Amino acid sequence: QVQLVESGGGLVQAGGSLKLSCAASGHTFSSYTMGWFRQAPGKGREFVARISWNGGSTYYTDSVKGRFAISRDNAKNTLYLQMNSLQPEDTAVYYCAAAQSPYSDSPRFYSYWGQGTQVTVSS
């Protein structure tokens with residue numbers, strides 16, 4: 001089992017930055033592909049970014065490329081999402097998730113989810 005807890009969300013002005021963290025507990029964190037998803041009010045859960053088990057491969061949805069950076073520290077069992085140049089449309093609840101599949105952009109391939117952390121970007 002893997003338990004995930006997000007933190008680092010909050011209120012930030014447009015153009016600002018936030019860094020989200022996802023602390024994992026349980027066995028073999030390093031064996032999982034990790035992803036970040038977000039869900040805005042009235043919207044479905046949207047893929048944001050994923051990172052391979054060793055951090056060697058990352059992938060981002062087009063809307064965040066060049067602004068967000070996903071990383072992981074397996075020694076600390078922690079996943080990160082650095083978010084720069086935030087825009088109001090980035091406002092959402094952000095979730096971290098773990099998948100056993102190496103190429104997974106759909107929520108249905110992720111087995112474990114955190115509780116989410118709210119990110120609000122004001123204009």
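Because only heavy atoms are used, hydrogens play no part in the values below, and waters and symmetry mates are left out as well, while side chains stay in. If you're wondering where the values come from, they're calculated on a predicted model, not measured in any experiment.
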Would you tell me whether Arg50 and Tyr59 have side-chain atoms, one donor and one acceptor, within less than 3.5 Å of each other? no
Is any side-chain heavy atom of Phe68 closer than 4.5 Å to a side-chain heavy atom of Thr61? no
Look at the side-chain heavy atoms of Ile, Leu, Val, Met, Phe, Trp and Tyr, link any pair under 4.5 Å apart, and say whether Tyr110 and Val93 land in one connected group. yes
Can you tell me if Lys65 has over 12 outside heavy atoms packed within less than 6.0 Å of its NZ? yes
Please answer: with hydrophobic residues joined when any side-chain heavy atoms are less than 4.5 Å apart, are Leu18 and Val121 in the same cluster? yes
Would Leu86 and Tyr95 show up in the same hydrophobic cluster when neighbours are defined by side-chain heavy atoms closer than 4.5 Å? no
Looking only at atom types and distance, does a side-chain atom of Thr91 sit under 3.5 Å from a main-chain N or O of Glu89, one as donor and one as acceptor? no
Please lay out, stage by stage, how Ser122 and Leu11 fare under the test side chain to side chain contact (heavy atoms under 4.5 Å, CB included). CA-CA 7 Å; Ser122 64; Leu11 176 64; 4.3 Å; yes
Is it the case that the side chain of Glu6 and the backbone of Gln115 share a donor-acceptor pair, with hydrogens and angles ignored and the cut-off at 3.5 Å? yes
Hey, any chance Met34 and Tyr80 share a hydrophobic cluster, counting ILVMFWY side chains that come within less than 4.5 Å of each other, even indirectly? no
Can you see which heavy atom on Ser85 is nearest to which on Asp90, and at what distance? O-OD2, 4.4 Å
From the list Ser106, Pro107, Ser101, side-chain contact (heavy atoms from CB on, under 4.5 Å) with Ser104 holds only for Ser101
Would a 4.5 Å heavy-atom cut-off, applied to side chains only, mark Ser123 and Gln13 as touching? no
Report yes if the side chains of Trp36 and Leu20 come closer than 4.5 Å at any heavy-atom pair, otherwise no. yes
Report yes if the distance between the aromatic ring centroids of Phe47 and Phe37 is under 6.0 Å, otherwise no. yes
Side chains of Gln82 and Ser17 in contact at under 4.5 Å (non-hydrogen atoms): yes
Answer yes or no on whether Arg45 is positioned over the face of Trp113, meaning its NZ or CZ is under 6.0 Å from the six-membered ring centre and within 45° of the axis. yes
Should Val12 and Thr120 count as side-chain neighbours, where that means a heavy-atom distance under 4.5 Å? no
For residues Leu4 and Ala24, report the shortest heavy-atom separation together with the two atoms involved. CD2-CB, 3.6 Å
Within-4.5 Å side-chain heavy-atom neighbours: Lys19 and Leu81: no
Which atoms form the tightest heavy-atom contact between Arg38 and Ala92, and what is the distance? CB-CB, 3.7 Å
If you take all heavy atoms of Ala69 and Tyr60, which pair is closest and at what distance? CA-OH, 3.2 Å
Tyr94 to Met83 - nearest heavy-atom pair and separation: CE2-SD, 3.9 Å
Just so I know, are the side chains of Trp53 and Ser31 near enough to count as touching, which here means a heavy-atom distance under 4.5 Å? no
Say you draw a straight line from SG of Cys22 to CZ of Arg72; how long is it, rounded to the nearest 0.5 Å? 10.0 Å
Heavy-atom side-chain proximity of Thr33 to Phe109 below 4.5 angstrom: no
